[in-house]
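Down below is the structure, laid out as structure tokens.
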Amino acid sequence: MNGEINRMTHGFAVHQQLHPTDVSALGAILDAPSPLTPGALREHLGLTSGAVTACLDRLERAGHIRRARESSDRRVVHVYYEPSARTVARDYFMPLAEATARARARFSEGELTTVLRFLAAMNEELAEVPPARR
């Protein structure tokens, strides 16, 4: 499943002339409950400040995001997903949403509860695995 989702994500990156990291950033920006700061995005993606700045520059040039200084502290920047870019992403990934709905329809609520418990347990376990050592 991860391989197929990665294939679709890579296809979107190629289609939009973006780097795969840019697509990961877009996902984080889209999923955030409130506008992200570049620092929060850096922490989420595990990138350097310079890499996040370069990523946001590419995304802004491509029309996917905008940066805004909205607080009384002009140093604080918030990142927003542009509505037109959101439409492009929604249209591209609609087959994934439809496939997910078809697969989900094959399972009872009880089965889905078990699947969700398993996936949550996997995420907990994987979060505890230390990074590979060089």
Side-chain angles (χ1 to χ4, degrees):
M1 183 176 78
N2 281 340
E4 289 301 314
I5 291 172
N6 287 340
R7 180 185 59 78
M8 288 189 75
T9 301
H10 182 75
F12 180 76
V14 169
H15 184 261
Q16 293 295 305
Q17 300 177 342
L18 299 173
H19 188 278
T21 301
D22 300 345
V23 178
S24 295
L26 285 174
I29 294 163
L30 181 63
D31 291 342
S34 59
L36 286 178
T37 63
L41 185 60
R42 179 187 59 74
E43 287 180 26
H44 179 80
L45 296 175
L47 299 174
T48 65
S49 295
V52 167
T53 298
C55 174
L56 292 176
D57 288 346
R58 289 189 301 268
L59 290 172
E60 196 167 41
R61 275 194 308 273
H64 288 276
I65 59 118
R66 69 179 170 83
R67 290 180 266 200
R69 298 182 192 281
E70 296 180 339
S71 75
S72 59
D73 183 347
R74 299 291 295 155
R75 295 171 295 178
V76 176
V77 174
H78 289 108
V79 180
Y80 295 91
Y81 208 125
E82 285 289 2
S84 60
R86 191 181 297 246
T87 300
V88 169
R90 184 175 34 249
D91 290 348
Y92 187 90
F93 286 105
M94 186 56 70
L96 174 60
E98 291 167 346
T100 301
R102 287 191 305 273
R104 184 175 183 193
R106 295 187 212 165
F107 295 87
S108 70
E109 286 302 314
E111 290 171 320
L112 289 171
T113 298
T114 301
V115 169
L116 288 174
R117 279 186 31 239
F118 170 75
L119 292 174
M122 281 298 299
N123 282 337
E124 289 171 13
E125 293 298 326
L126 292 174
E128 297 299 318
V129 174
R133 296 178 188 224
R134 292 179 188 221

Show which side-chain atoms of residues 38-62 pair as donor or acceptor with protein atoms under 3.5 Å away, not counting sequence neighbours.
from: Thr48; atom 1: OG1; to: Ala51; atom 2: N; distance (Å): 3.1
from: Thr53; atom 1: OG1; to: Ser49; atom 2: O; distance (Å): 3.0
from: Asp57; atom 1: OD1; to: Arg67; atom 2: NH1; distance (Å): 3.3
from: Asp57; atom 1: OD1; to: Arg67; atom 2: NH2; distance (Å): 2.5
from: Arg58; atom 1: NE; to: Asp22; atom 2: OD1; distance (Å): 3.2
from: Arg58; atom 1: NE; to: Asp22; atom 2: OD2; distance (Å): 2.9
from: Arg58; atom 1: NH2; to: Asp22; atom 2: OD1; distance (Å): 2.6
from: Glu60; atom 1: OE1; to: Arg67; atom 2: NE; distance (Å): 3.1
from: Glu60; atom 1: OE1; to: Arg67; atom 2: NH2; distance (Å): 2.8
from: Glu60; atom 1: OE2; to: Arg67; atom 2: N; distance (Å): 3.3

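- Contact detail for Phe12 and Ala89: the closest heavy-atom pair is CE1-CA, 3.9 Å.
- The OG1 atom of Thr100 lies 11.5 Å from the CZ atom of Phe93; values are rounded to the nearest 0.5 Å.
- Thr113 OG1 to Phe107 CZ: the interatomic distance, rounded to the nearest 0.5 Å, is 12.5 Å.
- The distance from atom NE2 of His10 to atom NE2 of His19, rounded to the nearest 0.5 Å, is 10.0 Å.
- Under the 4.5 Å side-chain heavy-atom criterion for Ile, Leu, Val, Met, Phe, Trp and Tyr, Val115 and Met1 are members of distinct hydrophobic clusters.
- For the residue pair Glu111 and Ser108, the shortest heavy atom distance occurs at OE1-N, 2.8 Å.
- Smallest separation of non-hydrogen atoms from Tyr92 and Gly11: OH-C, 3.1 Å.
- Note on Met94: it does not cluster hydrophobically with Met8, by side-chain heavy-atom contacts below 4.5 Å among ILVMFWY residues.
- Cluster annotation: Val77 and Leu26 are assigned to distinct hydrophobic clusters (Ile/Leu/Val/Met/Phe/Trp/Tyr, side-chain heavy-atom contacts under 4.5 Å, transitive).
- Between Tyr81 and His64, the ring planes are perpendicular. Angles over 60° get that label, and only those under 30° would be called parallel.
- Here the straight-line distance linking atom CG of Leu112 with atom CZ of Arg106 works out to 12.0 Å at 0.5 Å rounding.
- Counting heavy atoms from C-beta outward, Arg90 and Thr87 have side chains that approach closer than 4.5 Å.
- Crowding of Glu98 atom CD: a count of heavy atoms from other residues, nucleotides or ligands under 6.0 Å exceeding 12.
- With sequence neighbours excluded, the residues that form a salt bridge (charged side-chain N to carboxylate O under 4.0 Å, His left out) with Arg75 are Asp73.
- Both Val23 and Ile5 are assigned to one and the same hydrophobic cluster, defined by single-linkage of ILVMFWY side chains at heavy-atom distances under 4.5 Å.
- The line from CG of Leu36 to NE2 of His78 is 9.0 Å long, rounded to the nearest 0.5 Å.
- If you take OG1 on Thr9 and CG on Asn2, they are separated by 10.0 Å, rounding to the nearest 0.5 Å.
- At most 12 non-hydrogen atoms from other residues, nucleotides or ligands lie less than 6.0 angstrom from CZ of Arg104.
- Criterion: ILVMFWY side-chain heavy atoms under 4.5 Å apart, direct or through other members. Under it, Val79 and Leu30 are part of a common hydrophobic cluster.
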